[in-house]
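Structure first, commentary second.
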Amino acid sequence: MQTVKMYDAVVVGAGFAGLYMLHRLRQQGMQARVIEAGDGVGGTWYWNRYPGARCDIPSMEYSYQFSDELQQEWQWSERYATQPELLRYANHVADRFELWPDIQLSTRVTACRFDADAGLWQVTLDPGAEVQARFVVMATGCLSVPNFPDIPGLQDFDGPVYHTGQWPHEGVDFSGRRVGVIGTGSSAIQSIPLIAEQAQSVTVFQRTPNYSIPAHNGPLDPDYVADIKANYADYRAANWQRGFGADFRDNELSALEVDDEQRQAEYEARWARGGLAFLAAFSDLVFDDDANATARDFIRNKIQGLVEDPQLAAQLTPDTPVGCKRLCVDTNYYETFNQDHVSLVDLREHPIEAVDAGGVRTASQAYEVDCLVLATGFDAMTGAVSRIDITGSQGQRLADKWAEGPRAYLGLATAGFPNLFLITGPGSPSVLSNMLPSIEHHVNWIAECIEHMQRHQKSVIDAQLAAEDEWVEHVNEVADASIYPRCNSWYLGANVPGKSRVFMPYLGVPPYVEKCREIADAGYTGFSLG
Ligand code: FAD
Ligand code: NAP
């Protein structure tokens with residue numbers, strides 16, 4: 001008879017979340033196993049190898065803080081690290097903390113079934129095997145399942161088709177090629193300028209324009225690095241008090257309480273500094289339409305200044321609130337459209353009808369291309385978890401429970417699925433924050449919770465339905481008071497046809513962290529421990 005391997009915990013995914021979760025569980029003396037579908041660690045930074053891929057939160061912040069030795073010794077080379085550097089960092093962490101023996105690559109978790117009598121999860125792996133674990137931690141990522149557009153004829157295209165989220169590891173040479181790019185989100189905005197440097201021509205198919213702020217990327221100033229490293233703990237602590245958990249220099253003034261000159265000066269300073277901190281120029285940009293409109297007008301003027309052809313500038317200018325879809329950060333994005341070999345097809349006027357062997361056909365014209373880049377995003381936040389066949393204690397399937405949208409208590413657990421934790425799950429700040437600190441916060445919370453269970457000889461923890469319902473309602477209330485539900489973003493699942501339209505992340509890092517602390521300190525209120 002084949003023996004089924006038994007672990008204290010199975011962690012699904014070897015991105016930044018899975019790596020740190022493994023480290024924490026091992027520190028607690030637990031036998032944990034990381035199962036990763038890819039052939040390497042790093043998650044996002046393993047898969048997204050398109051030209052220009054890099055973080056948009058400065059590297060000094062988009063990095064682990066759990067080990068002071070690690071944050072002191074690691075040298076970031078640029079303000080925003082490139083994908084290869086981030087991937088090297090993930091591998092360095094796996095080496096430095098000797099994580100490899102407990103990581104199983106090239107293996108996908110396909111199903112998890114809770115055996116209530118044994119108090120164990122039965123975990124099915126592909127290639128075929130079955131393992132058991134007391135705990136399962138979903139470190140499966142919020143942006144790890146590529147969204148392939150359902151365009152008729154796509155499979156008939158003669159040339160290669162690349163999705164930014166599954167980029168070939170050997171790279172792609174676009175020299176002398178006519179490239180079609182579908183999508184104008186962050187991945188497209190980062191890659192288009194670099195693809196245009198190589199390609200014979202680039203045709204960008206834009207369904208919705210996006211706001212982008214210049215990155216002003218460059219080598220890191222050694223004095224700035226030394227300054228942060230001298231006070232790293234304080235720097236990190238201060239960021240926990242900020243709305244997005246990042247050093248956005250949150251302005252407490254309303255955009256509507258300052259005069260035009262002051263407002264303009266603040267926006268200009270933020271544009272010159274670059275990056276996502278633009279969204280924290282005033283306290284009410286994500287809460288008040290009129291305040292947001294001032295930011296919108298400012299960026300519109302900038303786009304008009306950067307793009308020489310006024311008609312093209314108008315096509316590249318969004319009409320949605322700023323930040324409603326995730327703000328982008330670029331290097332030469334708008335300027336790239338001033339080049340003769342780069343053109344824009346505005347799909348709002350002429351939607352794509354089909355792809356055929358030679359290229360893309362809209363209602364008004366056929367565009368011949370040699371290869372296609374799908375920068376069409378992800379089935380975000382729920383995509384990876386929903387693709388695992390998960391059955392809870394009463395035989396309920398997670399896919400059924402979440403059919404009308406995800407429901408999770410604090411984004412950490414979901415009622416009826418005991419001993420299963422989610423890292424940066426729906427209902428937590430997650431993608432509305434600097435993700436690395438949010439990942440660490442969840443890992444620490446989960447590890448402490450398990451430690452608490454061990455101390456109190458509890459073997460099973462489950463979220464209570466009433467507490468979960470109350471939390472989900474609160475998440476929606478906070479979102480409804482903001483600009484976020486006003487446009488068709490992936491935050492709402494609106495980018496995936498047929499997906500329920502529910503706002504998934506929680507807005508506000510400091511109140512969230514405080515709430516998690518209170519719940520843990522009070523002995524895990526809203527959870528049943530048995
Ligand atoms: P991931 O890195 O997505 O890792 C999840 C892993 O789980 C993947 O490797 C996947 O293969 C594996 N997996 C999933 N399902 C299964 C399964 N069933 N079985 C086995 N393995 C499975 N966030 C920021 O805060 N700042 C940024 O600048 C930033 N830039 C980004 C740039 C890009 C291009 C993208 C796509 C995202 C970016 N993000 C950024 C978000 C980013 O996803 C997070 O910052 C972070 O890397 C997520 O780490 P993770 O470990 O939670 O998930
Ligand atoms: P995205 O923001 O979802 O953008 C996808 C783009 O594809 C959108 O412009 C979308 O148009 C378009 N699209 C989707 N389906 C289409 C279809 N059938 N026909 C035409 N157009 C279609 O995806 P992403 O750019 O990959 O970014 C996802 C997230 O990952 C970001 O928001 C960010 O959080 C993270 N990211 C960060 C960075 C960074 O700078 N560090 C870089 C890349 C990604 P609509 O808007 O009309 O749906």
Side-chain angles (χ1 to χ4, degrees), residues 7 9-28 30 32-38 40-48 55 57 61-67 70 86-87 89-94 96-97 99-100 102-105 107-109 112 123 133 135-145 165 245-246 378 380-388 406 408 410-414 419-450 504-506 509 512-513 516:
Y7 300 98
V10 161
V11 178
V12 192
F16 287 137
L19 293 179
Y20 180 45
M21 191 75 243
L22 171 61
H23 179 60
R24 268 304 302 253
L25 293 174
R26 286 205 325 197
Q27 279 182 322
Q28 288 176 203
M30 291 176 70
R33 184 85 172 158
V34 172
I35 307 292
E36 165 58 55
V41 301
T44 288
W45 306 106
Y46 170 86
W47 295 106
N48 291 264
C55 55
I57 300 263
E61 294 177 69
Y62 187 68
S63 46
Y64 287 119
Q65 55 193 284
F66 69 85
S67 158
L70 173 67
L86 284 154
L87 186 58
Y89 178 68
N91 279 280
H92 171 74
V93 169
R96 195 190 189 289
F97 298 99
L99 302 178
W100 293 109
D102 296 320
I103 299 174
Q104 183 170 332
L105 300 173
T107 309
R108 184 170 287 282
V109 170
C112 298
V123 180
F135 296 97
V136 169
V137 182
M138 292 295 169
T140 42
C142 293
L143 297 160
S144 56
V145 176
F378 301 89
M381 299 207 70
T382 55
V385 173
S386 304
R387 277 164 177 76
I388 303 173
L410 303 173
L412 274 161
T414 182
N419 291 3
L420 182 138
F421 293 106
L422 307 161
I423 300 184
T424 62
S428 74
S430 183
V431 292
L432 283 184
S433 69
N434 177 1
M435 285 287 278
L436 255 180
S438 286
I439 284 170
E440 282 195 61
H441 170 253
H442 268 192
V443 169
N444 291 336
W445 193 97
I446 293 165
E448 283 163 24
C449 173
I450 292 175
M504 294 182 279
Y506 179 70
V509 169
Y512 177 79
V513 170
C516 289

request  = Any chance you could lay out the side chain to side chain contact (heavy atoms under 4.5 Å, CB included) test for His441 and Tyr512, step after step, and finish with the verdict?
outcome  = CA-CA 11 Å; His441 170 253; Tyr512 177 79; 3.6 Å; yes

key: Full working for side chain to side chain contact (heavy atoms under 4.5 Å, CB included) between Tyr64 and Leu436   = CA-CA 6 Å; Tyr64 287 119; Leu436 255 180; 3.9 Å; yes

key: Residue pair Cys142, Met504: steps toward the side chain to side chain contact (heavy atoms under 4.5 Å, CB included) verdict   = CA-CA 11 Å; Cys142 293; Met504 294 182 279; over 6 Å; no

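Taking the six-membered ring where the residue is Trp, Phe421 and Phe135 present parallel rings, their angle staying beneath 30° rather than reaching 60°.
Residues Tyr20 and Asn444 have side chains in contact (heavy-atom distance under 4.5 Å, counting atoms from C-beta outward). Using a 4.5 Å heavy-atom cutoff, the side chains of Val109 and Thr140 are not in contact. Looking at heavy atoms from C-beta onward, Ile423 lies in side-chain contact with Val443 at the 4.5 angstrom threshold. When side chains are defined from C-beta on, Asn91 counts as touching Trp100, because their heavy atoms get closer than 4.5 Å. For the pair Arg26/Leu99, a side-chain contact is recorded, criterion being any heavy-atom separation below 4.5 Å from C-beta on.
Shortest non-hydrogen contact noted between Gly18 and Val11 is CA-CG1, 3.8 Å. Thr107 approaches Ile35 most closely through the heavy-atom pair O-CG2, 3.4 Å. Across Leu412 and Cys516, no two heavy atoms sit closer than the pair CD1-SG, 4.4 Å. Counting all heavy atoms, side chain and backbone alike, Leu25 lies closest to Ala32 at CD1-CB, 4.0 Å. Between Glu440 and Ser63 the shortest heavy-atom distance is OE2-O, 4.1 Å. Listed here is the closest heavy atom pair of Ala384 and Gly141: CB-O, 4.2 Å.
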Check: residues 41-48 side-chain donor-acceptor pairs under 3.5 Å, at least two apart:
unit_1: Trp45; atom_1: NE1; unit_2: Tyr62; atom_2: OH; d: 3.0
unit_1: Tyr46; atom_1: OH; unit_2: Asp39; atom_2: N; d: 3.0
unit_1: Asn48; atom_1: ND2; unit_2: Thr44; atom_2: O; d: 2.9

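Applying the ring pair (Phe, Tyr, Trp, His ring centres under 6.0 Å) criterion to Phe97, with sequence neighbours excluded, gives His23, Phe66.
A distance-only check finds a donor-acceptor pair linking the side chain of Ser433 to the backbone of Ser430 [under 3.5 Å]. Looking at Gln28, its side chain does come within 3.5 Å of a backbone N or O of Ala447 through a donor-acceptor pair. Between the side chain of Asn434 and the backbone N or O of Glu61 there is at least one donor-acceptor pair closer than 3.5 Å.
Within the model, atoms CD1 of Ile439 and CE of Met21 stand 12.0 Å from one another, a figure rounded to the nearest 0.5 Å. Expressed to the nearest 0.5 Å, how far CZ of Arg24 lies from CH2 of Trp445 amounts to 13.0 Å. Of the inter-residue distances, the one linking Leu19 atom CG with His92 atom NE2 reads 12.0 Å to the nearest 0.5 angstrom. Distance CD/Gln65 to CG/Leu70: 11.0 Å, rounded to 0.5 Å. In this structure, SG on Cys55 lies 13.0 Å from CE on Met435, to the nearest 0.5 angstrom. Within the model, atoms OG of Ser428 and CE of Met381 stand 5.5 Å from one another, a figure rounded to the nearest 0.5 Å.
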